[in-house]
Amino acid sequence: MFDQLTELVKQYAGDAVVNNPAVPNEQNEAVLEEANGSILSGLKDMVASGNIGDLAGMLSGKTPIDMNNPVVAELAGKVTGNLGEKFGLSPDAAGSVAGGLIPQVLSGLVNKAKDPNQPGFNIQDIIAGISNGQGGGLMDMVTKYGGQFGLDQDGDGQVGMSDAVAAVTKKSGGLGGLLGKLFGK
């Protein structure tokens with residue numbers, strides 16, 4: 001997942017970094033590396049802090065990936081701060097890098113994860129990558145036992161990622177409701 005994220009950052013770096021006069025050309029590569037690392041650590045921080053509802057909504061494509069999206073806004077703040085601190089970019093310049101890069105990278109990530117012709121991208125791998133491998137265990141458990149507890153949210157006879165995303169993003173219950181159903185509470 002990390003390599004794919006890096007490739008997406010490089011793919012969308014044109015206007016946001018390379019052609020941005022506020023970013024000195026000799027710093028382009030370092031700015032890209034910092035933006036990539038900030039996006040990844042920001043996603044991991046969201047999972048660690050329990051902010052999975054907004055993240056699940058974004059990954060499922062249910063919320064627009066723009067600067068109004070809480071995930072995008074949080075990552076933009078992190079990238080903007082880090083670029084300003086490490087490279088001396090003004091808040092406007094760092095914000096233009098973040099605003100031009102993050103929505104495109106996250107949209108590319110979600111679109112590739114949904115594309116069956118992109119075997120290197122899938123939602124399970126993204127969750128495992130940003131949850132330090134901890135998301136997979138939960139997904140395995142939900143898949144194995146979820147049907148017995150009414151967790152098949154889409155009625156397809158299988159419990160998978162789409163069911164977990166649906167359960168987490170529902171207004172009533174959320175992750176607590178999902179786990180409560182799973183453990184009979």
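In terms of heavy-atom proximity, Ser38 sits nearest to Asn82 at OG-ND2, 2.8 Å. Contact detail for Ser41 and Lys78: the closest heavy-atom pair is OG-CE, 2.8 Å. Pro64 and Asn69 get closest at one heavy-atom pair: O-ND2, 2.8 Å. Nearest heavy atoms, Val97 versus Ala16: CG2-O, 3.3 Å. Scanning all heavy atoms of the two residues, the minimum distance from Ala98 to Ala76 falls at CB-O, 3.8 Å. For the residue pair Ala13 and Leu32, the shortest heavy atom distance occurs at CB-CD2, 3.2 Å.
Under the 4.5 Å side-chain criterion, counting only non-hydrogen atoms from C-beta, Ile39 is in contact with Leu43. Side-chain contact between Glu29 and Lys10 is present, with heavy atoms from C-beta onward closer than 4.5 Å. Side-chain contact check for Asp66 versus Val72: every heavy-atom pair is 4.5 Å or farther apart. Proximity of Glu74 to Asp54: side-chain heavy atoms (C-beta onward) are nowhere separated by under 4.5 Å.
Note that CD of Glu34 is 8.5 Å distant from CD of Glu85, once rounded to the nearest 0.5 Å. Here the straight-line distance linking atom CD of Glu7 with atom NZ of Lys112 works out to 9.5 Å at 0.5 Å rounding. Lys86 NZ to Glu33 CD: the interatomic distance, rounded to the nearest 0.5 Å, is 11.0 Å. Between Gln4 atom CD and Leu109 atom CG the span is 8.5 Å, to the nearest 0.5 Å.
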### Intermediate values then yes/no, side chain to side chain contact (heavy atoms under 4.5 Å, CB included), Thr63 and Val71
CA-CA 10 Å; Thr63 58; Val71 172; over 6 Å; no
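With Val9 as the fixed residue, the side-chain contact (heavy atoms from CB on, under 4.5 Å) test singles out one of Val17, Ile102, Leu101: Leu101.
The main-chain N or O of Gln104 is never found under 3.5 Å from a side-chain atom of Ser107 such that the two would form a donor-acceptor pair.
Under the 4.5 Å side-chain heavy-atom criterion for ILVMFWY residues, a single connected hydrophobic cluster contains both Met67 and Val110.
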